[in-house]
Amino acid sequence: MRYSEMLLPTTKETPSDAEIASHQLMLRAGLIRKLAGGIYSYLPLGYRVIRKVENIIREEMDRAGAQEVFLPAVQPAELWMESGRWNMYGKELLRFKDRHNRNYCIGPTHEEVITALVRDEIQTYRQLPLNLYQIQTKFRDEIRPRFGTMRSREFGMKDAYSFDATEEGAEDSYRKMFDAYNRIFERCGLHFRPVEADSGNIGGSFSHEFMVTADSGEDAMVHCTACPYAANLEKAECSRPEGETVTDDDSLPLEEVHTPDVRTIEEVCAFLDVSPSDVVKTMIFMSDDTPVAALVRGDEEINEVKLRNYLKSDRLELAMDDTILEVTGSPRGFAGPIGIKCRIIADYSLLNIKNFVVGGNRENYHIQNCNTPRDFKISEYADLRVIREGDVCPRCGETIRIVRGIEVGHVFKLGLKYSKAMKAMFLDRDGKEKYMVMGCYGIGVGRTVAACIEQSHDENGIIWPMAIAPYHVIITPVNMNDEAISRTAEELYRGLVSAGIQVILDDRDERAGVKFKDADLIGIPLRITIGSKGIAEGVTEVKFRKSGTVEKVPITAVVDYISDILVDA
RNA sequence: CGGGAUGUGGCCCAGCCUGGUAGGGCACUGCGUUCGGGACGCAGGAGUCGCGCGUUCAAAUCGCGCCAUCCCGACCA
């Protein structure tokens, strides 16, 4: 393609409403333009990258045995009422009425549509397993879209759905997708890590997120420094400490202390001159409609996802003030386990501590030198806290580290959730009707592109990995008015094009500096510079965007030289 | 939705406090010079100052309301 004919509006200045590198560079390099909040147009260069990623996804999905379909974006409300999500999904689901006043939504995801399709078309176990995928525009009316295509409202997503006759089959489908995702992100040149993720209400332990490591990532994940263990922060398990040696030795007598207006852990520590690890936090939650007290050491945080999973509750939230008063007999800030009127669950961090401070269950009082089981009994210990940097790995015992990441993919074993709700059944070998076992698997296409830039750029611009670069090569004639230069550039351009190489010829009548800056900004992996000095020697310069290294290559050998590089890549 | 900020040619911003002629840089058009890391000169085109109402002789500037955008918290690919 000739640069002079392309819609490729690069800018020197950084748009003021872009915060992170990938968003700034996507705007500056002319990949995207914003139409409205969280809604973006892809320009030619940006769309080429999208298509490259999509094609990698297609190849790997096809290779894994999935078949591509294309489902409607507009979906009737009845389907969503069937699954129960019309009322559950909330404001993120964009709803509207047609001219007949019928309710519709724009699909934020396609479980309903695919399940309805498959239940009508599949009757027997002989037709299973089945894995269908599509690459389609989704709309989620996000509370707060941000970071360009990283979290937009309208976005391209690959979503796949597997249907199996058995649990084992579903696990096999899951594993195939897991493997395919690894290949996809590897081919996109990303540094990523599959991490164990919370599977929430839906149950089962089969959920992994594919996280691209990036400091600007919105998610936190943990990984072990020694073994392959990696998990989403909210999922990461904390080991039960060794050796429960709680005895009454060196126990001091219980002591109620007046602590006027002292509520938070910090205030308690300052007031009583103790450290947070000598205090026990008592937090009152409402699990569905039942109050529960969760205990954790003062220097730790409660992980609400773990607590919810432990309790198997559908809804979990911090209790309101009136509940706290009812359960503890005191206002917020003084809750303690002694004499409390609800179920008590203690985090493992409560093992092995003694003479600790607890709330007094009485306004403006705390209790010191509390010990178990002397002063109150803990019948349930569980892993309830948020893991911390430096904790021990739950698998191997080595050190845990926390890093930030961008979730680009998610694989999920759905089980029977949708097949039951929507009656997706088949006739098994034994002549009995059974529910299909489902899985769903998503990849954010635009987010993957943004994540790639986030991970691969420098102060001059984007550095595309060869596999998803919009073009492989850019030819930069330093002066179009120099007859020898422009002729050589034209000839080389024709040579590369006929060799099937994706190339831009920067035929603009611009100074060399401008062309170099733009070439760096848009991140083309290879740049061929053609100048009069080189022509005199019969060579061109091939510069590698990533390493910055420059090779002098004879003009006659450039096409072969480039072809070889691309074959290796 | 709550908290904070911003809205001025396509882009980045000044002007607002202290009301009176809309300004700079980038980009764009023409001519000339220049030509290997975002050149220079001259001449030009381009703006309902987010929208509405109000205060005032007079509003980009002051007041009120609305809208939009961005950042920080609960959702998610």
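Predicted, not measured: the structure shown is a model, and the values here were computed from it. We use all heavy atoms of the structure for the numbers below, so side chains are in, but hydrogens, waters and symmetry mates are not.
- The base of B:rG38 lies close enough to the side chain of A:R28 for a donor and an acceptor atom to sit less than 3.5 Å apart.
- Note on A:T529: a base of the nucleic acid sits closer than 4.0 angstrom, heavy atoms only.
- Using a 4.0 Å heavy-atom criterion, one finds that A:V514 contacts the bases of the nucleic acid, with or without backbone contacts as well.
- In this structure, A:K543 reaches the bases: a heavy-atom distance under 4.0 Å links it to at least one base atom across the strands shown.
- Between B:rC11 and A:T11, no contact under 4.0 Å exists linking OP1 or OP2 to a side-chain N or O.
- Atoms CD (A:E459) and C1' (B:rG37) sit 13 Å apart, rounded to a whole Å.
- Of the nucleotides present, B:rG32 is the one that pairs with B:rC40 by Watson-Crick or G-U wobble criteria, both distances under 3.5 Å.
- At the heavy-atom level, A:E209 lies nowhere under 4.0 Å from the strands shown.
- Judged by distance alone with a 3.5 Å cut-off, no donor-acceptor contact links the side chain of A:N479 to the base of B:rG36.
- Remark: of the listed residues A:R508, A:R28, A:K12, A:R508 is the sole one forming a salt bridge (charged side-chain N to carboxylate O under 4.0 Å, His left out) with A:D518.
- Comparing B:rU6 with B:rG44, their C1' atoms are spaced 33 Å from each other, to the whole Å.
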Start with the C-alpha distance between A:E300 and A:R388, add both sets of side-chain angles, then the distance that settles side-chain contact (heavy atoms from CB on, under 4.5 Å), and finish with yes or no. CA-CA 9 Å; A:E300 304 286 359; A:R388 293 195 300 183; 3.3 Å; yes
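- Across all strands shown, B:rA22 remains unpaired; no Watson-Crick or G-U wobble contact has both distances below 3.5 Å.
- Atom CG of A:D215 sits in a sparse spot, with 12 or fewer heavy atoms from other residues, nucleotides or ligands closer than 6.0 Å.
- Along RNA chain B, the nucleotide nearest A:G38 and the nucleotide nearest A:R527 are compared for position; the residue whose nucleotide lies closer to the 5' end is A:R527.
- Across the P atoms, B:rU48 and B:rA22 are found 13 Å apart, a figure rounded to whole Å.
- Base contact: A:I143 has a heavy atom under 4.0 Å from a base atom.
- Nucleotide B:rU69 has B:rA5 as its partner under the Watson-Crick or G-U criteria, with both atom distances under 3.5 Å.
- Between A:R511 and B:rA39 there is a side-chain N or O to OP1 or OP2 distance below 4.0 Å.
- Within the shown strands, nothing qualifies as a pairing partner of B:rG45 under the Watson-Crick or G-U definition with both distances less than 3.5 Å.
- Residue A:D17 places no side-chain atom within donor-acceptor reach of the base of B:rC71, judged by atom type and a 3.5 Å distance cut-off alone.
- Relative to the side chain of A:M157, the nucleotides B:rA77, B:rU69, B:rG38 differ in distance, and B:rA77 lies closest.
- When the P atom is used for both B:rC42 and B:rG24, the distance is 13 Å, rounded to whole Å.
- Contact annotation for A:P15: backbone-only contact, meaning every heavy-atom pair under 4.0 Å involves sugar-phosphate atoms and none involves a base.
- In this structure, CD1 of A:I443 is placed 19 Å from P of B:rC76, rounded to the nearest angstrom.
- Ring geometry for A:Y42 against A:Y47 counts as tilted: the plane angle lies between 30° and 60°, on a 0 to 90° scale.
- With B:rC75, B:rG38, B:rG37 as the candidates, the nucleotide lying closest to the side chain of A:R151 is B:rC75.
- Cation-pi geometry between A:R447 and A:F155 is not met at under 6.0 angstrom from the ring centre and within 45 degrees of the axis.
- Pairing of B:rA74, defined by two Watson-Crick or G-U wobble distances under 3.5 Å, is not identified with any nucleotide.
- Although no hydrogens or angles enter the test, the distance criterion places no donor-acceptor pair under 3.5 Å between the side chain of A:T10 and the main chain of A:G30.
- Distance alone, capped at 3.5 Å, is enough to place a donor-acceptor pair between the A:T115 side chain and the A:E111 backbone.
- As judged by a 4.0 angstrom heavy-atom cut-off over every strand, A:R153 is placed among residues making no nucleic acid contact.
- Of the P atoms belonging to B:rC72 and B:rC35, the separation is 48 Å, rounded to the nearest Å.
- No engagement by A:D159 is indicated, since no non-hydrogen atom pair under 4.0 Å with the nucleic acid exists.
- Per the geometry, CG belonging to A:L35 stands 10 Å off P belonging to B:rU69, to the nearest Å.
- Rounded to a whole Å, the CD1 atom of A:I485 is 9 Å from the C1' atom of B:rC35.
- Residue ring and nucleobase are not stacked for A:F516 and B:rG36 under a centre distance beneath 5.5 angstrom and an angle between planes beneath 30°.
- Rounded to whole Å, the distance from CD on A:E13 to P on B:rG10 is 15 Å.
- Between A:R508 atom CZ and B:rA39 atom P the separation is 12 Å, expressed in whole Å.
- A:S22 and A:H457 form no side-chain donor-acceptor contact under 3.5 Å, judged by distance and modelled atom types alone.
- One interatomic measurement links the two molecules: CG of A:N232 to P of B:rC76, which rounds to 11 Å at whole-angstrom precision.
- Across all strands shown, B:rG54 forms a Watson-Crick or G-U wobble pair, both distances under 3.5 Å, with B:rC62.
- Listed pair A:R144 / B:rC71 meets the phosphate criterion, a side-chain N or O lying under 4.0 Å from OP1 or OP2.
- Using C1' as the reference atom, B:rA39 and B:rA27 are 15 Å apart when rounded to the nearest Å.
- Atom CD in A:Q134 sits roughly 13 Å away from atom C1' in B:rA77 (whole-Å rounding).
- In this structure, A:E510 reaches neither bases nor backbone, as no heavy-atom distance under 4.0 Å exists between it and the strands shown.
- Within 4.0 Å of A:G531, counting heavy atoms only, lies at least one base atom of the nucleic acid.
- Between B:rC53 and B:rG41, the distance separating the two P atoms is 44 Å to the nearest Å.
- Of the candidate nucleotides B:rA77, B:rC75, B:rC12, B:rC12 has the atom lying nearest to any side-chain atom of A:S16.
- Nearest-nucleotide positions on RNA chain B for A:E541 and A:D219 put A:E541 closer to the 5' end.
- Residue-level contact check: A:F147 touches the backbone only, with heavy atoms under 4.0 Å from sugar-phosphate atoms and none from bases.
- The side chain of A:R146 contributes no N or O atom lying less than 4.0 Å from OP1 or OP2 of B:rC76.
- On a pure distance criterion of 3.5 Å, no polar donor-acceptor pair joins the side chain of A:K12 and the base of B:rG25.
- If you check every strand for non-hydrogen atoms under 4.0 Å, A:G444 touches a base.
- Note that the CG atom of A:D289 and the CE atom of A:M286 stand 5.5 Å from one another [nearest 0.5 Å].
- Taking the P atoms as reference points, B:rU18 lies 31 Å from B:rG10, given to the whole Å.
- Look at the C1' atom in both B:rG25 and B:rC64: the space between them is 35 Å, to the nearest Å.
- Using a 4.0 Å heavy-atom cutoff across all strands shown, A:D482 reaches no nucleic acid atom at all.
- Phosphate proximity of B:rC70 to A:K34: present, with a side-chain N or O under 4.0 Å from OP1 or OP2.
- Checked against B:rC75, B:rG36, B:rC26, the side chain of A:V478 finds its nearest nucleotide in B:rG36.
- With no hydrogens or angles considered, a side-chain donor-acceptor pair links A:Y418 and A:R85 at under 3.5 Å.
- In this structure, the nucleotide among B:rA77, B:rG37, B:rG36 sitting nearest to the side chain of A:K533 is B:rG36.
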